[in-house]
Amino acid sequence: MKKNKYILNTMILFLLTLGMLSLTNPTSAQADYKVLVWSGNGALHVEVMSFEGNASNYGYEVVTSVGEMNTSILEGIDVLIVNGVDYINDTKGELDVIVDWFNEASGRALWLASDSDYGGYWYPWGTTAEPVGVNHIVIEIEGHIFVQDDAIIDAGMNDGAGYRPICNVDNTIDSPANKITKDVVNTSWHGPTCVVPYSSVTTAGVGTVANYNDIENCQWVVNTSVTSEIQDQDFDDDDKWEGYPTGENSSKSMLAIEWNLGDSKNKLAVMGESFFSNYKNMYGSEMRYQVGGLQNIELLYQLLDWSVGKYDAKAPGFEILTGFIALALIPLVLRKRK
């Protein structure tokens, strides 16, 4: 009897120890999720070396590609970042590859990074020769956040020049946006455009601009200051993907999110610049020309955490359940010792 009692007490104490450790010691960062940064088809800001090198510290593996979009490079990918590509090669089926990947399994997220219309080098609708761009991906997955075919300048809040806006209006109210912006104050967006919520839009880029709260499962995350304005830098003088008028000061979205999209109810993030790239030190902690700290890095990894579901509501896992079991066994141990 004494031997059996000793074995029982030992097992209970082991469970208690295991339960307490699981409650107090979080698992160390591991590369549990795989991210592809696709910078093909004339993308401008392909330098993501710091992101690629440091991601494992946050639990992510980042791989890059500047080649053709195809199913092989998407194998095992949880988050696809379409990094400001100049166009989508529809003749090679790149649009279908991206949309099929987005729809075929749950737990995936798609990021669409963009750029300004500076010098006519970049358009959200592609090029004249290849008239398919990032906004057409949004149409195909039935999203509502689109890239404006213009630029953002901010004379009042910037890193030494209006085309280098420092965004300091963060969504700290709405969930899950407020989890993405936790401890984020200032972020750098060098030469960006803005993103716009549309309630409806045509493939030609003409539609109805909406408020975020009018669209289900859609939130702004980071906005410019109230002194920003739209600037048409390529003087195209049309209404294609030009949601907000030029020359009006107001706070405009640089990053917005949408979820429960497509066949598999997946996530979308659309942003006005590749804020995670090494370009002009956007992946950094200090402004380049002014004195001040940046939280681009924090914003990046918190957006990734949202993308892979770390902020989604979940039932208690095995570790917490083990702790509860161990606590419940304490009276049993005490009774047997009396």
Side-chain angles (χ1 to χ4, degrees), residues 36-48 63-74 77 80-103 110-152 163 189-196 198 200-207 230-244 246 262 268-277 279-280:
L36 171 63
V37 182
W38 178 51
S39 305
N41 297 348
L44 296 176
H45 305 320
V46 301
E47 312 94 340
V48 293
V63 295
T64 62
S65 173
V66 295
E68 178 183 317
M69 170 54 64
N70 54 57
T71 55
S72 63
I73 66 172
L74 288 174
I77 297 300
L80 169 60
I81 302 177
V82 178
N83 184 26
V85 300
D86 203 24
Y87 61 90
I88 309 294
N89 195 328
D90 204 29
T91 60
K92 293 186 177 180
E94 289 183 333
L95 181 61
D96 288 341
V97 168
I98 294 170
V99 173
D100 289 347
W101 169 84
F102 186 80
N103 283 323
L110 173 65
W111 295 14
L112 302 178
S114 53
D115 212 320
S116 74
D117 64 349
Y118 174 72
Y121 291 124
W122 194 88
Y123 298 98
W125 44 266
T127 66
T128 301
E130 299 280 355
V132 178
V134 295
N135 277 347
H136 295 96
I137 302 175
V138 182
I139 291 175
E140 290 299 314
I141 63 174
E142 298 183 348
H144 298 84
I145 307 166
F146 294 89
V147 177
Q148 177 139 349
D149 180 26
D150 282 313
I152 283 285
Y163 64 88
W189 306 71
H190 190 107
T193 185
C194 68
V195 300
V196 184
Y198 281 83
S200 64
V201 71
T202 70
T203 55
V206 180
I230 299 290
Q231 187 174 64
D232 182 2
Q233 296 183 141
D234 62 357
F235 308 106
D236 52 9
D237 194 30
D238 61 26
D239 56 0
K240 180 183 277 190
W241 307 111
E242 297 189 348
Y244 298 132
T246 61
L268 171 69
V270 185
M271 56 207 70
E273 179 58 278
S274 304
F275 75 91
F276 47 82
S277 74
Y279 181 70
K280 305 301 182 182

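Ala43 and Ser39 get closest at one heavy-atom pair: CB-O, 3.4 Å. Pro192 and Ser116 make their closest contact through O-CB, 3.4 Å (heavy atoms, listed as atom of the first residue, atom of the second, distance). The two atoms that bring Trp241 and Ile139 nearest to each other are CH2-CD1, 3.8 Å, heavy atoms only.
Checked by atom type and distance alone, the side chain of Ser114 pairs as donor or acceptor with a backbone atom of Met271 at under 3.5 Å. Side-chain atoms of Trp38 come within 3.5 Å of backbone N or O of Gly67 as a donor-acceptor pair. Checking side-chain atoms of Tyr198 against main-chain N and O of Gly243 turns up a donor-acceptor pair under 3.5 Å. Looking only at distances, no side-chain donor or acceptor of Asp96 sits under 3.5 Å from a matching main-chain atom of Val99.
Judged as a side chain to side chain contact (heavy atoms under 4.5 Å, CB included), and not counting sequence neighbours, the contacts of Val97 are Met69, Thr71, Leu74.
Residues Glu242 and Ile230 are not in side-chain contact: their nearest non-hydrogen atoms beyond the backbone lie 4.5 Å or more apart. Counting heavy atoms from C-beta on, the side chains of Lys280 and His45 never come closer than 4.5 Å. Counting heavy atoms from C-beta outward, Leu112 and Val147 have side chains that stay 4.5 Å or more apart. Side-chain contact between Phe276 and Ile81 is present, with at least one heavy-atom pair separated by less than 4.5 Å. With a 4.5 Å cut-off on side-chain heavy atoms, Ile77 and Val63 count as touching. By the 4.5 Å heavy-atom criterion applied to side chains, Val85 and Glu94 are not counted as neighbours.
Residue pairs that meet the side chain to side chain donor-acceptor pair (under 3.5 Å) test with at least one member in residues 125-139, sequence neighbours left out, are Trp125-Asp149.
Atoms CG and CD, from Asn83 and Glu47 in turn, are 9.0 Å apart once rounded to the nearest 0.5 Å. Annotation: the span from Phe102 atom CZ to Ile141 atom CD1 amounts to 4.0 Å, rounded to 0.5 Å. Interatomic distance, Leu36 CG to Ile73 CD1, rounded to the nearest 0.5 Å: 5.0 Å. Atom OG1 of Thr193 is separated from atom CH2 of Trp122 by 7.5 Å, given to the nearest 0.5 angstrom. Rounding to the nearest 0.5 angstrom, the gap separating the CG atom in Leu80 from the CH2 atom in Trp111 is 11.0 Å. Separation of atoms SG (Cys194) and CZ (Phe146) is listed at 13.5 Å; rounding is to 0.5 Å.
Atom OH of Tyr244 has more than 12 neighbouring heavy atoms from other residues, nucleotides or ligands inside a 6.0 Å radius. By the neighbour-count criterion of 12 heavy atoms within 6.0 Å, atom NZ of Lys240 is densely surrounded, having more than that number from other residues, nucleotides or ligands.
Classified by interplanar angle (parallel below 30°, tilted 30° to 60°, perpendicular above 60°), the ring pair His190/Tyr279 is perpendicular.
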Original post:
Could you go step by step and tell me if Asp150 and Gln148 meet the side-chain hydrogen bond (donor to acceptor under 3.5 Å, both in side chains) rule?
Top reply: CA-CA 6 Å; Asp150 282 313; Gln148 177 139 349; 3.0 Å; yes
**OP:** Please lay out, stage by stage, how Tyr121 and Asp234 fare under the test side-chain contact (heavy atoms from CB on, under 4.5 Å).
**Re:** CA-CA 9 Å; Tyr121 291 124; Asp234 62 357; over 6 Å; no
